[in-house]
Amino acid sequence: MIKLSAIEKYFANKAMKTYVLRNISLEVKQGEFVSVMGPSGSGKTTLLNIVGMLDAPSNGEYYFLDEPVHKMNEKKLTELHKTYIGFVFQSYHLIDELTVYENLEIPLLYQKVSGNDRKGRVAEILDRFNIVAKKDLFPNQLSGGQQQLVAIARAVIAQPKLILADEPTGNLHSEQGTEIMELLKELNRQGTTIIQVTHSETNAAYGNRIVRLKDGWIEKE
Amino acid sequence: MLRNYLQVALRNLRNSKSYSVINVVGLAVGIACFIIIALFVRDELGYDRYSKNVDQVYRPGFTATFHGREIESAMSPAPMGPTVFQDFPEVATYARLHYEGGTLVRYDNKTFVNQQLIWADSTVFGVFTLPFVAGNPRTALDRPNTLVITESAARRYFGQDSPIGKILDVGNGSKYIVTGVIKDIPRNSHFHADLLGSLCTLKDSRNPNWMSNNYYTYFLLKKGADAKEFRRRLNRELVDHAGPQVKAVTGVSIEQFLAAGNRVGYNLQPLKSIHLYSHVDYELEQNGSISTVYVFSTIAIAILLIACINFVNLATARSEKRAKEVGIRKTLGSPRSHLIWQFIAESVMMSGGSVIIAVGIVELLLPVFNNVAGKQLSLDLLSNAWSIPLLVALAVAVGVAAGTYPALYLSSFHPIDVFKSNKRRGGSGSYLRNALVVFQFTVSIALFIGTLVIFDQLKYVRTKDLGFDKEESVVIYRADDLGAQIQSFENDLRQNGNIISLTNSTGVPGDQYSDSGFWLEGTGAERLIDLRVIRTDVDFARTYRLQMAGGRYLSAQHPSDSDAVVVNQEVAKAFGVKDIVGKYLVLPGETRAEQKRLQVVGVIKDFNYHSLHEPIRPLVMGLLPEAGSPGPYITVRLAPGNHLSTISYIERAWKKYAGNEEFNFNFLDDKLQKLYSADQRTSKIAGAFSILAIFIACLGLLGLAAFVTEQRTKEIGIRKALGASVPEVVALLSAQFAKWVLIANVIAWPLAYLIMNKWLQNFAYRTDLTVWIFISSGCIALAIAILTVGLHAVKAATANPVEALRYE
């Protein structure tokens, strides 16, 4: 599903290049649950952003479902990532001015899902995540765990093939964290590919493969 | 999708009330100014467009250079209209107007004063579109002693009765029959009248004299006629017809006359540009001016820009608040174009709301503006089908103009940058933002300086020594209506101890005087110069406190003074002679035999008998004839003290001799002040708008100050923790804004200097541009800006530093 070969990322600064990622080659197959680990500044989030097409590599090739991402224009990229990829962030990133219901609706709006269909799917996901009672609340009326729940629901609603999670439990206390990890695992069982960035070995253990980064290199698998 | 966007927009507005209020109020005030000025400009540009053939109507006016001095007038000779109509195939029709002015109308024991009468050829309705309510436009004015009156005049005179066939008593007892009623002449016409009298009533309308210009002639040219060529032919026509007449009257042939460096001809003013472009002598009414239109349009656009800039600045400054949303939407698959549209739609929404508020403001302020501007503008929201679409278009235009840059800026955020915490946003646009604030203040300060300069010039106009004493003088109008009784009236006034002196004259300062060509005896007629002429009695100089530069004023002690004149210093200058006293002026008559020799017995020091817009022109003053035709004005100089009782004494005396006729008077200084009414209007309007401009600019500054202090909260906290005092912090925050205002001053000063210098050129006599005006404008702007910012600065500076640092 994902094939990275010789990916590099650096920031050119006057005469100096600061490398964030070096010679990353990585393949992720459909249905995997990969945990990316490494110390701060090792390039985990950058790698995730490149996989999620939010950022472009400086060098190297990236194939997503056998299509060459490194050759695509902005429009095609947007198209691809809105259809296949869902994001979950450490700080949830819900739109503060929209209710839970409206936040969930957004990915469907961008996929031009019709009104009735949209209602059905939002209702279904509210039900599935057990947050029907919260649908008219704004994000700041929810606890962190509830917000992350909504964020995952929003990532899932578009039925992506891949979910990218950047320290999804980083801002949560352990009980809530466990719930979220269980949820991701369940999604993986149902067929969604998941790549998560995490500091915690416990969380990494929910996945079936660990990639370790250090100073921009892949250390070992 | 739209609903989702709308909801975000509305909730954003609600969540940041002060921001929304600043934006909406600023935009609404800006748009309201813009709408009001747009209405004003539309009205000014619409003058005389009520005439169907406005594009083909032209008004020739006599223009000449005599001895190096230029004359430009709106009038032309009586025979021109009929002759040219006959000889020129491109002329479809023509009409002449002869201005009579305010006159008395009597009907059925009722007297109506100051009814405006214009004499007009019967063809006038073919040139101007003046729809008839009753009567036949073709024949209404084709006989002598016929009148066409306006609807409101008809209602005034006759009430509900049918006016057609009624006999009116006009002026001094002549009878006229009403043959037609027209709709009132539209407000935006360059002439107005209550009554149009048939021109053929006047014997003078058939005079063949091409040298005397007393008529307004309008030619309707056929489609496709070349106006330039028409003007060339008119000028040839003048030389052909006036040539023999000049020779007969002066003994000098026109060829000789022209060879001496003189020039005669006609200007040709298109009807549609008379109101804004024609500023020659003897205009029918005071015209507007295209420069006022330009100035006001510029102000309108500047104010709208200032308001839009607030929007841009606050939107980009606040971008942090929206950045997260942009990042999230992009990660959820929104293309940039969607975000651009979303933000533009938001700004259009806001400008739409502002337009609605602006319409309310306009409705509220329009009566005030009309009062100041002397207009009757209205928004015609319902009656004009274009109003609402135009307002919608305005809302969209303003929304797009103000929203595009913020939309492009906001939508350009990259999600990974946004999600990296602790990155300060809104900083990268700050150069542009500073530049825009500088622009706002530049415009505001320039407007402010402009207003002060106008006020200063008007003060100069009020206080300048005009060469005569305008204080404590009363001008009585229509004194000639007293006829032979005028002597008794004057004698009655002389009895009153509070009346120092009085004088009867054909003109008083501030009016248009007639003019005539004179030459100095001993030189030829080709050295002719056009002089303004008034006739006075012997007390004129004493009453006006004029000063003699040489010789004496006209006097009853010298019987020969009936053929003597007094001139102003300009006359001597114009003729190029040093000592003019004792010399003779020659005034041509209809024939050479009627030529008059007038001895100059005195030179009066130049005095400003016109408005200070114009330089003093050469003036000759002669005595009124002993009996029979008094001048229409009596000027009375009052002793200091209780003027009211003296005036009521004058009024009683007037009633004694004038019977029912209304006592019409004016203080001389008030009358002179009217010469500057247009300037006063401009100053009031410009003043109001410059205050609004500063208000809107400060509103923006208020928003920016809030943003900047918020942004620098941490810095302030650290500085305070390190021991900075409250005044030090306030100074630190204010300095940033003060810098912008100071830079704006540096730009605004030369700009305002150039523009206002140009404006002052309108006046022949003008105040100096003092540096104090510039400095005080700058200081005021600075003070207002610092006050605005200081509010936030003090709040930030007095906050507990622990609060400020806690969030980091």
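Note on naming: letters A, B, ... go to the chains in the order of the sequence lines (proteins, then strands), and numbering restarts at 1 for each one.
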More than 12 heavy atoms of other residues, nucleotides or ligands under 6.0 Å from CG of A:D66: is that the case?
no

Go through B:P335, B:G327, B:S337, B:G333 and name the one with the most non-hydrogen pairs under 4.5 angstrom from chain A.
B:G333

How about B:N310 and B:Q440: does a side-chain donor come under 3.5 Å of a side-chain acceptor?
yes

Is it the backbone or the side chain of A:E105 that comes under 4.5 Å from a heavy atom of chain B, or both, or neither?
side chain

For A:E102 and B:R11: C-alpha separation, side-chain torsions, deciding distance, then whether salt bridge (charged side-chain N to carboxylate O under 4.0 Å, His left out) applies.
CA-CA 13 Å; A:E102 287 156 355; B:R11 286 175 193 155; 2.5 Å; yes

One option among A:K82, A:M53, A:H93, A:R154 has the most heavy-atom pairs under 4.5 Å with chain B, and it is A:H93

Can you spot which of A:N49, A:I50, A:L48 makes a side chain to side chain contact (heavy atoms under 4.5 Å, CB included) with A:T46?
A:I50

CD (A:Q141) with more than 12 external heavy atoms under 6.0 Å
yes

Give a yes or no on whether A:F138 atom CZ has more than 12 heavy-atom contacts from other residues, nucleotides or ligands under 6.0 Å away.
yes

Quick one: which of A:D55, A:T78, A:L54 has the most heavy-atom pairs under 4.5 Å with chain B, could you say?
A:L54

Ranked by heavy-atom pairs below 4.5 Å to chain B, first place among A:T83, A:I85, A:I106 goes to A:I106

Go through the atoms of A:T99 and report whether side chain, backbone, both or neither lie under 4.5 Å from a heavy atom of chain B.
both

Name the region of A:L94, side chain, backbone, both or neither, that has any atom closer than 4.5 Å to a heavy atom of chain B.
backbone

